[in-house]
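One structure is given below, encoded as structure tokens.
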Amino acid sequence: MSYPLTIQPLVIEDEDKVKDVYQAIFESISQEIGNSLPFRIAPPCYAFCYEQAVEALDSSKIFHVVILDLRLPEKQGLPEVQDQDLGLDLLERCLNRDRYPVPALLVISGHVGLTDQGRIQDRLRDNFFYGKLLAKGDFAFLEGEIRRACMAALRYAGVGIHLRDAGEEQYPTLTPRDEDLLRRSVLLQPGGIGVDLNWWSATRCPEAGGSGGNPWTKVLMGRYLLDDGGGASRPKFFKLLAGAESHSVIESARRIEQKLTHIKITGAVVSRSTGLIVTEKVGAQDARPKPLREIFETIDRAGAFEIAGQIISQVQQLGELLDDSKAVKSLLWPAHDEQNLRDQWKNVQQRLSADVPTADPVALYLELRQCDDKLRLRERAIVHGDLHMSNVALDSTARGPEAYIFDAGVIRRSTAGRDVAVLEVSVLLHHRLELGTLIKICSLIYDAAEPLDENSFTSVTEPLAQNIIEFIRGLRAGVNAWHPAAVYALLVFDFGLIQLGGLGFGSSGNRLADPRAAGIVTAFVARWYRSIGNRAATQK
């Protein structure tokens, strides 16, 4: 959303004398700006009570600068309410105005001393480009503050956001709140005047959306644009995510920054519904890196195995291995919905070919959910938290492709290899494979009787399929040293179930080319896990 450079103020004030002072101040600033700049300030809109203010804030009108009094009558003609509750409610409404974010908010009240000043100042600082809590009385001082707010709004509206066309790929739009955070991020950079962006990835997370919340995680790549002939910054990744989890993700990124030399946080801006974290692109090259998905089309088998090893090496750097034993059921994602899994499995099962195992993944899940048997395993102090294909980027170097993981989710102590299992499943599901080819791959990599080795790809002729097999073999070469095969198989099965259950929200958000692929992978992994368990029991 583009903001016009004609500043539109909203004054929420019930005292006529104070309103007249504000009107004179805005007229003075408008004349001053109009004499020196090709911009102007529109006559303010006024709200003399809480009801009128709600109507204004709920309207489809842009307000660049809002002045808010905290003590107001509830309706026109009623006396002023003798507390700040209505004014604080309006502050929250300004904060939540996602369709038309407010760049500058001045809370000006004669009763500042009766408020929780620290809390209000925190909300103004964190949720608006320019926000101040001020006391009524010295109107000469207030005129200077209002002038600064207007100039801040002009700077905000003048930020350029250039988003390149994504070609054949389909992505969601940038919301007004997304653009608000991008503008605020630009203005936090010394000399920042704009940003030039193109899409990297977008994932729909329905559970994050809640009732009307933000269900998307959007990652863009681009550069800040700098003034005075400064050109463009080094490339950055811009990650927009649901506000409910943004603080945790940002904190996680700061922890991973201490572990991986290629992670460098440039900035972070958060609103209630959406958060933005900006990280530096790794490496000396300014060229756009390639997502892992694109690289699979151009590398050979040796390259695929090498890239997997690079990723494993970075995962190992996140935290030391810690010995533990846990009940089988405790390793499953606690939010699995049994009925949803049944529904999604039933929907895809009847459309699968006879080459897919008859193993029922939902039946296995129900068994595992009740299983108190302990597994000896290793945990890692920190796991990536969101290691799917789009969160691996590669630079082209003289030595060949150089991979680096980035864009971590909420990190925590967890079973070693959980993030690798996520990557393995996403590699299978996020490529546009023919279902017959996917079945061939799964029949090889999920065969307990024939572990993967350097000859496993020979029965598959497609180069992409061979690369996928070698990549997964490279991942397993690292994971196999961490704990028994049954532990990793359980982790892969658990994430396969997550993908199967996610079909209830549509496949496009998870970038699945065909919903049946989730059923194929989950069925093969279910049989694989059972086979590993049977073989272990036989050996005993």
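Residue indices begin at 1 and follow the sequence shown.
- Side-chain contact annotation: Ser271 with Asn127, donor-acceptor N/O pair under 3.5 Å absent.
- With ring centers used as reference points, Phe128 lies 6.0 Å or more from Tyr156.
- Between Leu181 and Thr274, the shortest heavy-atom distance links the atoms CD1-O, 3.5 Å.
- Within the structure, the salt bridge (Lys or Arg N to Asp or Glu O under 4.0 Å) test picks out the following pairs touching residues 49-60 (sequence neighbours left out): Asp58-Arg93.
- With values rounded to the nearest 0.5 angstrom, Asn467 atom CG is found 10.5 Å from Ile295 atom CD1.
- With values rounded to the nearest 0.5 angstrom, Arg223 atom CZ is found 7.5 Å from Met221 atom CE.
- For the 3.5 Å distance criterion, the side chains of Tyr224 and Ser185 qualify, holding a donor opposite an acceptor.
- Across every non-hydrogen atom of Lys218 and Pro172, the tightest pair is CE-CG, 3.9 Å.
- Side chain of His384 to main chain of Phe406: a donor-acceptor pair is present (N/O by atom type, distance under 3.5 Å, no hydrogens or angles).
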Check step by step if side chain to side chain contact (heavy atoms under 4.5 Å, CB included) holds for Val278 and Phe238.
-> CA-CA 5 Å; Val278 185; Phe238 298 78; 3.6 Å; yes
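- Within the 3.5 Å criterion, the main-chain N or O of Ser390 finds a donor-acceptor partner in the side chain of Trp200.
- Between Ser414 and Glu379 there is no side-chain heavy-atom pair separated by less than 4.5 Å.
- Between Glu145 and Arg148 there is a salt bridge, since a side-chain N of the basic residue sits under 4.0 Å from a carboxylate O of the acidic one.
- Once rounded to the nearest 0.5 Å, the distance linking CD of Glu257 with OG of Ser252 reads 12.5 Å.
- The minimum heavy-atom distance between Ala153 and Val65, with the atom names listed, is CB-CG2, 3.9 Å.
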Derivation and outcome, side chain to side chain contact (heavy atoms under 4.5 Å, CB included), residues Ile193 and Leu226 = CA-CA 6 Å; Ile193 57 173; Leu226 309 174; 5.8 Å; no
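- For the pair Leu240 and Leu220, the minimum side-chain heavy-atom distance is below 4.5 Å.
- Applying the side-chain contact (heavy atoms from CB on, under 4.5 Å) rule to Thr173 yields no partners; only residues at least two apart in sequence or on another chain are considered.
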Given Arg147 and Glu143, is the salt bridge (charged side-chain N to carboxylate O under 4.0 Å, His left out) satisfied, shown in steps?
-> CA-CA 6 Å; Arg147 179 178 283 102; Glu143 180 175 354; 3.3 Å; yes
Worked verdict on Val270 versus Ile277 for side chain to side chain contact (heavy atoms under 4.5 Å, CB included) | CA-CA 8 Å; Val270 177; Ile277 180 170; over 6 Å; no
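- The aromatic rings of Trp199 and Tyr171 sit parallel, their planes meeting at an angle under 30°, below the 60° perpendicular limit.
- When each of Leu70, Leu86, Leu124 is checked for a side-chain contact (heavy atoms from CB on, under 4.5 Å) with Leu91, only Leu124 meets the rule.
- Residues Glu13 and Lys136 are paired through a salt bridge, judged by an N-O separation under 4.0 Å between the basic side chain and the carboxylate.
- Proximity of a side-chain donor or acceptor of Asp228 to a complementary backbone N or O of Gly230 within less than 3.5 Å is not detected.
- Asp407 and Lys239 are joined by a salt bridge, as a carboxylate oxygen and a charged side-chain nitrogen come within less than 4.0 angstrom of each other.
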Evaluation steps, side chain to side chain contact (heavy atoms under 4.5 Å, CB included), between Val315 and Leu387 = CA-CA 10 Å; Val315 169; Leu387 191 56; 4.0 Å; yes
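- Here the side chains of Leu68 and Leu106 are not in contact, with every heavy-atom distance at 4.5 Å or above.
- Arg255 has no carboxylate O lying under 4.0 Å from a charged side-chain N of Glu251, or vice versa, which leaves the two without a salt bridge.
- No donor-acceptor pair under 3.5 Å is formed between the side chain of Asp89 and the backbone N or O of Asp85.
- Using a 4.0 Å cut-off between a side-chain N of Lys or Arg and a carboxylate O of Asp or Glu, Asp83 and Arg71 do not qualify as a salt bridge.
- Proximity of a side-chain donor or acceptor of Thr415 to a complementary backbone N or O of Arg418 within less than 3.5 Å is not detected.
- Here the rule is side-chain contact (heavy atoms from CB on, under 4.5 Å) with Ile405, and of Leu260, Ile263, Asn391, Asp419 only Leu260 fits it.
- No donor-acceptor pair closer than 3.5 Å links the side chain of Asp14 to the backbone N or O of Cys49.
- Ion pairing between Arg119 and Asp122 fails under the 4.0 Å rule for side-chain N and carboxylate O.
- Contact check for Asp180 versus Arg183: no side-chain heavy atoms found under the 4.5 Å cut-off.
- Of the possible donor and acceptor atoms, none in the side chain of Ser313 sits under 3.5 Å from a partner among the backbone N and O of Gly309.
- A donor-acceptor contact shorter than 3.5 Å is absent between the side chain of Ser426 and the backbone of His388.
- Listed by chain and number, the residues in a salt bridge (Lys or Arg N to Asp or Glu O under 4.0 Å) with Glu27 amount to none (sequence neighbours excluded).
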Applying ring pair (Phe, Tyr, Trp, His ring centres under 6.0 Å), run through Phe471 and Phe296 and close with a yes or a no.
-> CA-CA 9 Å; Phe471 179 79; Phe296 273 95; 5.2 Å; yes
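- Panel note: side chain Arg293, backbone Met389; no donor-acceptor pair is recorded below 3.5 Å.
- Within a 6.0 Å sphere centred on NZ of Lys290, heavy atoms belonging to other residues, nucleotides or ligands number 12 at most.
- Separating the CD1 atom in Ile41 from the CZ atom in Phe26 is a distance of 6.5 Å, to the nearest 0.5 Å.
- Nearest heavy-atom pair, Leu318 versus Val383, reported as atom, atom and distance to 0.1 Å: CD1-C, 4.0 Å.
- Distance CD/Gln317 to CD1/Ile256: 11.5 Å, rounded to 0.5 Å.
- Looking at Pro289 and Lys281, their side chains come closer than 4.5 Å, going by heavy atoms from C-beta outward.
- A distance of 9.0 Å separates CG in Leu95 from CG in Leu105, rounded to the nearest 0.5 Å.
- Shortest non-hydrogen contact noted between Pro44 and Val11 is CB-CG2, 4.1 Å.
- Enclosure of atom CZ in Arg432 is not indicated, since only 12 or fewer non-hydrogen atoms of other residues, nucleotides or ligands lie within 6.0 angstrom.
- Both cation-pi conditions hold for Lys19 and Tyr46: the charged atom is under 6.0 angstrom from the six-membered ring centre and inside a 45 degree cone around its axis.
- Using modelled atom types, one side-chain atom of Gln314 and one backbone atom of Ala403 make a donor-acceptor pair closer than 3.5 Å.
- Contact check on Lys236 versus Glu280 returns a salt bridge, with a Lys/Arg side-chain nitrogen under 4.0 Å from an Asp/Glu carboxylate oxygen.
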Evaluate the salt bridge (charged side-chain N to carboxylate O under 4.0 Å, His left out) criterion for residues Asp20 and Lys17: first the C-alpha distance (whole Å), next the side-chain angles of each, then the deciding distance (0.1 Å), finally the verdict.
-> CA-CA 5 Å; Asp20 291 342; Lys17 290 183 179 179; over 6 Å; no
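- Glu92 is not listed as a side-chain neighbour of Leu88, based on a closest heavy-atom distance of 4.5 Å or more.
- Asp98 and Ser273 make their closest contact through OD2-OG, 2.9 Å (heavy atoms, listed as atom of the first residue, atom of the second, distance).
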